[in-house]
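The shown structure was predicted, so the numbers you read here are calculated from the model rather than taken from an experiment. Whatever order the structure lists them in is the order used to number ligands and atoms, beginning at 1. In what follows, residues are counted from 1 in the order of the sequence shown.
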Amino acid sequence: MSNVLEIRGLTKHYPVGGAFARSLLHAADDVSLSIAPGETVGLVGESGSGKSTVGRCILRLEEPTSGEILLNGESVVAATSSRLRVMRANMQMVFQDPYDSLNPRIKVGELVAEPLWLSGIMSRKEADRKVAEVFDLVHLPTDTPLRYAHQLSGGQQQRVGIARALATNPDLVVLDEPTSALDVSVQAQIINLLEEIRQRLSPAYLFISHDLSVVSNLSDRVAVMYLGQIVEVGPTDTIFELPGHPYTRGLISAAPVEHPAQQKERLTLLGEPTSPVDPKPGCRLASRCPFVEPKCREGELPLQEITPGHSVRCRRYVEEHVDGVWDPEPTR
Ligand code: ADP
Ligand code: MG
């Protein structure tokens, strides 16, 4: 079966530094990623690594600088605005801050129903029935549709956000840090709800989070981003068992909850993320990597496949690993 989502060479650059400056902020650089029907892919990386940019480009809430995005084989990038409206029913987004994403002046039931009948997907009556169905699906009390967002708790607001995303039966849901604004106890409930929905409706999820431990239980595969690039992608167990890229190793070391397959190595990255403005050639982690060598700062560095489905963007790892194992001495 063909992929629900296919991203090829997605690049998003923002001009920065005023009208005459030629500097470019590389929010996303040559990002390629695919998601199969019903699959969950976690997209992780520190704040500012470009995760939301990728999510927003997928739904074309942002125009990519270059690259291709295919939804069920059809170009999102080339779609006309009327075609895009139709395609958007098939890809939905859940945002980090549920309250900000809900109109405070409209009852939450109407908020979910309106796009359905306004777009002509359903009649008004069918839309109301759909609202009752999806609110039930996310376990909200039956009177919730008549309430306003401010009358709901953060967790309930996010359930409304999820209900709204599911109302059009999308093949793909982009979840952009859906639990990051919620209390810890509520976070687990939302994760459980997303898992339950996956089992009942099997949408594909792109689950974006700065926190590897949040995505690890839900994700079939994990893609790790750093300064606009995917530096590693692979099956979740492989990422925890045999992480290749020093950045991934650093993330795993910092993750508060351990994955069953997690290896015990501890790796601390040096310093802070560098600027995504006009990045230098070579590895973007070079200034923070304990294993850096002069060759790491040279030339373009592709994401290279190590085993089927597991790719790493680290020259030393690619050259020096033996059956996925690479245990270098720190160079500084
Ligand atoms: P993440 O979601 O991983 O935290 P983002 O995709 O939000 O990262 O941002 C990636 C980079 O792009 C950051 O350096 C951010 O400051 C920058 N960025 C995002 N949106 C814009 C914009 N509209 N204009 C300029 N820079 C932006
Ligand atoms: Mg973000």
Enquirer: For atom 8 (O) of ligand 1, what's the nearest protein heavy-atom neighbour? Residue, atom name and distance, please.
Expert: Gly50 N, 3.2 Å

Enquirer: Can you tell me how far apart CG (Asp171) and CG (Asn72) are? Round to the nearest 0.5 Å.
Expert: 5.0 Å

Enquirer: So which heavy atom in the protein is nearest atom 23 (N) of ligand 1, and how far is it from that ligand atom?
Expert: Tyr14 CE2, 3.5 Å

Enquirer: Return the option from Ile208, Thr53, Leu25, Val54 holding the heavy atom at the smallest distance from atom 6 (O) of ligand 1.
Expert: Thr53

Enquirer: Over all heavy atoms of both residues, which pair between Gly155 and Ile190 is shortest? Give the atoms and the distance, please.
Expert: O-CD1, 3.9 Å

Enquirer: Tyr247 vs Tyr226 aromatic rings, parallel, tilted or perpendicular, using cut-offs 30° and 60°?
Expert: tilted

Enquirer: Below 3.5 Å, N or O to N or O, backbone or side chain included: is there any such pair between Gly48 and ligand 1?
Expert: yes

Enquirer: May I ask you to check whether Gln304 and Ser311 show a side-chain donor-acceptor distance below 3.5 Å?
Expert: no

Enquirer: Geometry only, no angles: is Ala27 polar-contacting ligand 1 at N/O separations under 3.5 Å?
Expert: no

Enquirer: With the threshold set at 4.0 Å, does a side-chain nitrogen-carboxylate oxygen contact exist between Asp143 and Arg147?
Expert: yes

Enquirer: Is the distance from the Mg ion (ligand 2) to the nearest N/O/S atom of Thr53 under 2.8 Å?
Expert: no

Enquirer: Any nitrogen or oxygen of Ser52 lying under 3.5 Å from a nitrogen or oxygen in ligand 1? Just yes or no.
Expert: yes

